[in-house]
**Q** 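One structure, pasted below without further comment.
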There are 2 protein chains.
Amino acid sequence: MSNKAQTVERCDCTVIHEEVVNRVMGRMPEEERLYDLAELFKVFGDSTRIKILWALFESEMCVCDIAYLLNMTQSAISHQLRVLKQTKLVKNRKEGKIVFYSLEDEHIKQIFDQGMIHISEDK
Amino acid sequence: MSNKAQTVERCDCTVIHEEVVNRVMGRMPEEERLYDLAELFKVFGDSTRIKILWALFESEMCVCDIAYLLNMTQSAISHQLRVLKQTKLVKNRKEGKIVFYSLEDEHIKQIFDQGMIHISEDK
DNA sequence: ATAACATATGAACAGTTGCTCATACAATCA
DNA sequence: TGATTGTATGAGCAACTGTTCATATGTTAT
């Protein structure tokens, strides 16, 4: 509605192709959804977390094993697992003092596979 | 090979499930590919860049129009377009003083769609 | 030429991120 | 009980990121 009025002052140049802008504006997803999408990708945008998730594609693992596998500190892994848990990408299960982490949603693999395809297409 | 020897000193705890670790280790993609994947997602991990790309799904646009559409500074958009160009996600075409940006690879949309599906599944 | 406009770019700054280190917590075992 | 082991967590920090601001570049119009 008054989207246009809101946006005028920030852009320091003239709108050149108003029809295009209006059409695209009408087809953009909600601001909040795009923000959430960016937040999801932000979580994927760290190689430690990518490695953890990829490891969990194969099997549930405890913190110690993941740390060993990735050649990293238990603390570093634990911190990252917390991030992954907060964003509902992994869940955990306790067995004595050992905590096993696994994927919350196997769907993630498809996103990674799509990403891999993109990377492979680069020359 | 000597992967195991290499990694021993960093992990400050005992490996508990050696069979699991070894199996997973054997099935992990190359370090570099996982790094590249993280780099790709890192680019997607910013809502400004997500918005720009989503806009370009619809139509090629010039810098000014994108800035207006997203209610942001021309400079901010220009900086982000540079990032997207460097990572080969967008290309541009010059027409007089106007520079039109468009997607380098329509494939990206599929990654975004997968991400959107994941977000929607959250309660 | 000079002015106007679209875009690019470098410096600077605030905010964020991922790790380390020390330590706390929790479960098991002696 | 105390010692050991697996995990979690807070503080601190160096590195990075995204924006703003000022200015440069390049094109068109007068």
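Proteins come first, then strands; the chains are lettered A, B, ... in the order of their sequence lines, and each starts at number 1. Since the model is a prediction, treat every value here as computed from it, not as a measurement.
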**Q** Taking the nucleotide of DNA chain C with the nearest heavy atom to each, does A:Lys94 or A:Ile77 sit closer to the 5' end?
**A** A:Ile77
**Q** Given atom CZ of B:Phe44 and atom P of D:dT17, what is their separation to the nearest angstrom?
**A** 16 Å
**Q** Measure from the side chain of B:Thr73, starting at C-beta and using heavy atoms only, and say which of D:dT7, D:dT20, C:dC19 lies closest.
**A** D:dT20
**Q** Among C:dA27, D:dA8, D:dT19, which nucleotide sits nearest the side chain of A:Asn92?
**A** D:dA8
**Q** To the nearest Å, how far apart are A:Asp65 CG and D:dG6 P?
**A** 10 Å
**Q** What is the distance, to the nearest angstrom, from the NZ atom on A:Lys51 to the P atom on C:dC19?
**A** 9 Å
**Q** Hey, does the side chain of B:Ser78 reach the backbone of B:Gln74 with a donor-acceptor pair shorter than 3.5 angstrom?
**A** no
**Q** To the nearest Å, how far apart are B:Asp46 CG and D:dT17 P?
**A** 11 Å
**Q** Expressed as a whole number of angstroms, how long is the span from B:Ile50:CD1 to D:dG18:P?
**A** 12 Å
**Q** Could you work out which one of D:dT7, C:dC19, C:dT28 sits closest to the side chain of A:Cys64?
**A** D:dT7
**Q** Respond yes when some side-chain nitrogen or oxygen of B:Arg49 is under 4.0 Å from OP1 or OP2 of D:dG18, and no when none is.
**A** yes
**Q** Is A:Glu31 salt-bridged to B:Lys51, cutoff N-O under 4.0 Å?
**A** yes
**Q** Which whole-number value in Å describes the distance from B:His17 NE2 to D:dT7 P?
**A** 9 Å
**Q** Is there side-chain contact between B:Ser59 and A:Val20, with heavy atoms separated by less than 4.5 Å?
**A** yes
**Q** The side chain of B:Val63 is closest to which nucleotide in this list: C:dA8, D:dT17, C:dG18?
**A** C:dA8
**Q** Any donor-acceptor pair, under 3.5 Å, between the side chain of A:Gln74 and the base of D:dA8, if you only look at N and O atoms?
**A** yes
**Q** Using only heavy-atom distances, decide whether a donor-acceptor pair under 3.5 angstrom links the side-chain of A:Ser75 to the base of D:dT9.
**A** yes
**Q** Is B:Tyr101 touching bases, backbone alone, or none of the nucleic acid, heavy atoms closer than 4.0 Å?
**A** sugar-phosphate
**Q** Rounded to the Å, how far apart are B:Leu84 CG and D:dG18 P?
**A** 10 Å
**Q** With a 4.0 Å cut-off on N to O distance, would you call B:Arg33 and B:Glu30 a salt bridge?
**A** no
**Q** Establish whether the base of D:dT20 is bridged to the side chain of B:His79 by a donor-acceptor pair shorter than 3.5 Å.
**A** yes
**Q** Quick one: is D:dT19 close enough that its OP1 or OP2 comes under 4.0 Å of any side-chain N or O from B:Thr48?
**A** yes
**Q** Ring centres of A:His118 and B:Phe44 under 6.0 Å apart?
**A** no
**Q** Figure out the CE/C1' separation between A:Met72 and C:dT20, and round it to whole Å.
**A** 11 Å
